[in-house]
Amino acid sequence: MKIDKLGAWRRSHYSADISPELDGQEVIVFGWVQEIRDLGGLRFVILQDKNGQLQITIHKNKVVAEVVEKAKTLQKQYSIGVKGKVKTMKNAPGGVEIVPNELRIFSVSEQPLPLDITGRTKAEIDVRLDARVLDLRREENQAIFRIQHAALQAVRAFLSKQGFMEVFTPRIIVSATEGGAALFPVAYFTREAFLAQSPQLYKEQLSLDFEKVFEIGPFFRAEESHTRRHLSEFISVDIEQAFANAEDVMNVLEELIHDVCKYVADNCKRELELLGHKIVVPEIPFKRLTYREILEELENEKIHINWGEDIPTAAYRVLGKLHPYYYFITDWPTKAKAFYIKPNDDNPELSEGFDLMWHWVELSSGGARIHDKELLMKRLAEQGLSTESFKTHLATFDYGMPPHAGWGLGLARMVMVLTGVKNIREVVLFPRDQFRLTP
RNA sequence: GCCCUGGUAGUAUAGUCAGGCCUAGUAUAGGCGGCUGUCGCCCGCCCGACCCGGGUUCAAAUCCCGGCCAGGGCGCCA
């Protein structure tokens with residue numbers, strides 16, 4: 001098979017830009033063969049590019065013989081370029097088609113393909129992930145990541161407008177003692193280091209310099225979680241704000257969620273249609289329920305949880321039925337939260353930590369932080385952590401650490417909500433879990 | 001880590017409970033041929049599979065044991 005060169009060809013239009021008004025105009029389009037319908041003397045090639053699909057129509061007697069012959073060799077997923085004339089045609093999809101004058105084949109594909117790129121014959125998630133780049137040819141899957149992109153644009157725009165500055169903290173950290181979740185070890189020259197599981201300590205420190213910071217980046221947890229909402233590598237959206245309390249950053253969070261939902265609903269109509277999903281832009285403020293109120297509600301549902309205990313998944317599922325929307329859970333017991341979460345000034349048994357829930361899924365957790373060094377050291381000790389391994393972190397509390405608060409939001413979980421997709425693996429390009437390290 | 005369910009052509013499934021009529025059916029993909037308005041095109045022909053190992057039995061895709069792999073639930077999870 002002779003492979004053509006790109007040469008001087010450059011795209012004149014994306015598929016979505018080809019409209020009946022362009023009738024008679026010569027265009028150059030690029031993309032991949034999605035489908036071929038051969039009617040004998042008439043052949044339809046459906047070309048797909050990043051914006052949609054377009055019909056290339058090859059009449060045996062109306063197209064030059066060279067193109068007719070070449071078009072016969074096309075297979076699904078061939079990467080091609082077409083130079084031709086736009087033709088208005090009521091029988092064609094979208095009322096328009098391309099009549100080719102010249103066809104270039106840039107790359108061929110192996111047949112049969114490992115999965116059906118049209119999606120008509122469904123493939124299991126495992127098969128799909130093994131051939132992920134092919135799986136991502138499907139418009140529904142591309143829609144998920146365009147929605148993620150839109151959400152990220154909205155996040156950056158909103159936080160920047162609110163005066164937050166984007167920062168990057170280290171992925172390689174030295175201490176394995178930040179908290180409960182297991183860390184991945186890394187060989188760091190002659191020493192052992194770890195992949196960061198959160199930007200927590202660094203973003204707190206940076207609140208001392210920049211007051212309002214945010215970070216969007218990957219973090220790593222070596223948990224043997226086997227669920228549809230956990231991965232070993234995940235993208236977290238984090239903020240930290242100086243001179244603020246829990247309520248202040250909860251306000252930021254709910255306004256952010258509102259903005260993101262609105263932006264995606266307004267700007268991703270085609271994507272949402274492809275996914276068959278509707279976004280209901282939530283009203284703010286979100287409902288705030290205290291931990292105690294949650295326990296009482298669960299008690300009414302015949303689920304007993306002792307005060308101070310964490311809430312098991314089954315109980316969260318019940319809560320999700322009672323509150324099928326976004327809501328905060330506040331006033332968690334101090335002992336159920338991380339060492340850096342600030343205890344309430346009046347009642348230190350309770351903390352200023354919160355979770356943002358959507359139905360039964362935790363999207364975000366955050367709170368006011370301890371900025372008093374003595375108290376922080378006391379909390380470390382209570383949780384069985386050594387102050388020695390937090391020495392460099394604790395030192396920053398001697399330099400005028402302001403009162404501060406913040407949260408971390410799981411990007412993929414947010415995208416699951418925005419797309420209606422039920423498995424986190426589907427909303428991550430190349431997901432990593434306990435059992436999957438490739439592709 | 002514990003538990004449940006499953007593994008049949010490239011993909012997706014039927015068949016397994018009640019072993020034999022399964023030289024394993026169907027759809028789709030793929031190959032060849034035909035077809036000038038398809039849009040899940042259509043028609044004909046063809047190709048192609050019982051996860052691996054052991055056992056029970058006259059007989060195993062089907063039952064049993066072990067292994068590997070996968071999906072899911074729980075737990076874990078700043």
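Chain letters run A, B, ... following the sequence lines, proteins first, then strands; residues in each count from 1. When reading the values below, keep in mind they use all heavy atoms of this one structure, side chains included, and skip hydrogens, waters and symmetry mates.
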What's the gap between [N] and [M] when it is taken at their [atom1] atoms, as a whole Å value?
N     : M     : atom1 : answer
B/C77 : B/C39 : C1'   : 48 Å
B/G72 : B/A29 : C1'   : 28 Å
B/G34 : B/A70 : C1'   : 43 Å

Within [range], find the residues that approach RNA chain B with a heavy atom at under 4.0 Å, and present them sorted by residue number.
range                       : result
residues 344-366 of chain A : A/Ser365
residues 14-33 of chain A   : none
residues 401-428 of chain A : A/Asn423

With a 4.0 Å cutoff (strictly under), does any side-chain N or O of [X] reach OP1 or OP2 of [N]?
X        : N     : answer
A/Gln75  : B/A29 : no
A/Arg229 : B/C74 : yes
A/Arg317 : B/C74 : yes
A/Ser225 : B/G75 : no

- [ ] Treating a pair as Watson-Crick (purine N1 to pyrimidine N3 plus N6-O4 or O6-N4) or G-U wobble (N1-O2 and O6-N3) with both distances under 3.5 Å, list the stems of 3 or more consecutive pairs that involve RNA chain B.
- [x] B:1-7 with B:68-74, B:10-13 with B:25-28, B:30-34 with B:42-46, B:51-55 with B:63-67
Task: Residues which pass side chain to side chain donor-acceptor pair (under 3.5 Å) with A/Lys373, listed by chain and number, not counting sequence neighbours - done: A/Asp398
Task: Partner set under side chain to side chain donor-acceptor pair (under 3.5 Å) for A/Ser236, not counting sequence neighbours - done: A/Asp238
Task: Residues forming a side-chain contact (heavy atoms from CB on, under 4.5 Å) with A/Ser109, sequence neighbours excluded - done: A/Gln75, A/Gln77, A/Tyr78, A/Gln111, A/Leu113
TODO: Not counting sequence neighbours, which residues clear side-chain contact (heavy atoms from CB on, under 4.5 Å) with A/Ala395? List them please.
DONE: A/Tyr399
Task: Distance-only donor-acceptor test (3.5 Å): side chain A/His226, base B/G75 - done: no
Check residues 308-315 of chain A and write down every donor-acceptor pair under 3.5 Å in which the side-chain atom is one partner and the other belongs to a residue at least two apart or another chain.
from: A/Glu309; atom 1: OE2; to: A/Asn306; atom 2: ND2; distance (Å): 3.1

TODO: With sequence neighbours left out, write down each residue that passes salt bridge (charged side-chain N to carboxylate O under 4.0 Å, His left out) with A/Glu233, or none if nothing qualifies.
DONE: none
- [ ] Going 5' to 3' through nucleotides 38-46 of chain B, assign each nucleotide B (protein heavy atom under 4.0 Å from a base atom), S (under 4.0 Å only from sugar-phosphate atoms) or - (no protein heavy atom that close).
- [x] BBBB-----
Residues 428-437 of chain A side chain polar contacts: donor-acceptor under 3.5 Å, at least two apart:
from: A/Arg432; atom 1: NH1; to: A/Pro439; atom 2: O; distance (Å): 3.1
from: A/Arg432; atom 1: NH2; to: A/Leu437; atom 2: O; distance (Å): 3.1
from: A/Arg432; atom 1: NH2; to: A/Pro439; atom 2: O; distance (Å): 3.4
from: A/Asp433; atom 1: OD1; to: A/Phe435; atom 2: N; distance (Å): 2.8
from: A/Asp433; atom 1: OD1; to: A/Arg436; atom 2: N; distance (Å): 2.8
from: A/Asp433; atom 1: OD2; to: A/Arg425; atom 2: NE; distance (Å): 3.0
from: A/Asp433; atom 1: OD2; to: A/Arg425; atom 2: NH2; distance (Å): 3.2
from: A/Arg436; atom 1: NH1; to: A/Asp130; atom 2: OD1; distance (Å): 3.0
from: A/Arg436; atom 1: NH1; to: A/Thr438; atom 2: O; distance (Å): 2.8
from: A/Arg436; atom 1: NH2; to: A/Asp126; atom 2: O; distance (Å): 3.4
from: A/Arg436; atom 1: NH2; to: A/Asp126; atom 2: OD1; distance (Å): 2.6
from: A/Arg436; atom 1: NH2; to: A/Asp130; atom 2: OD1; distance (Å): 3.3

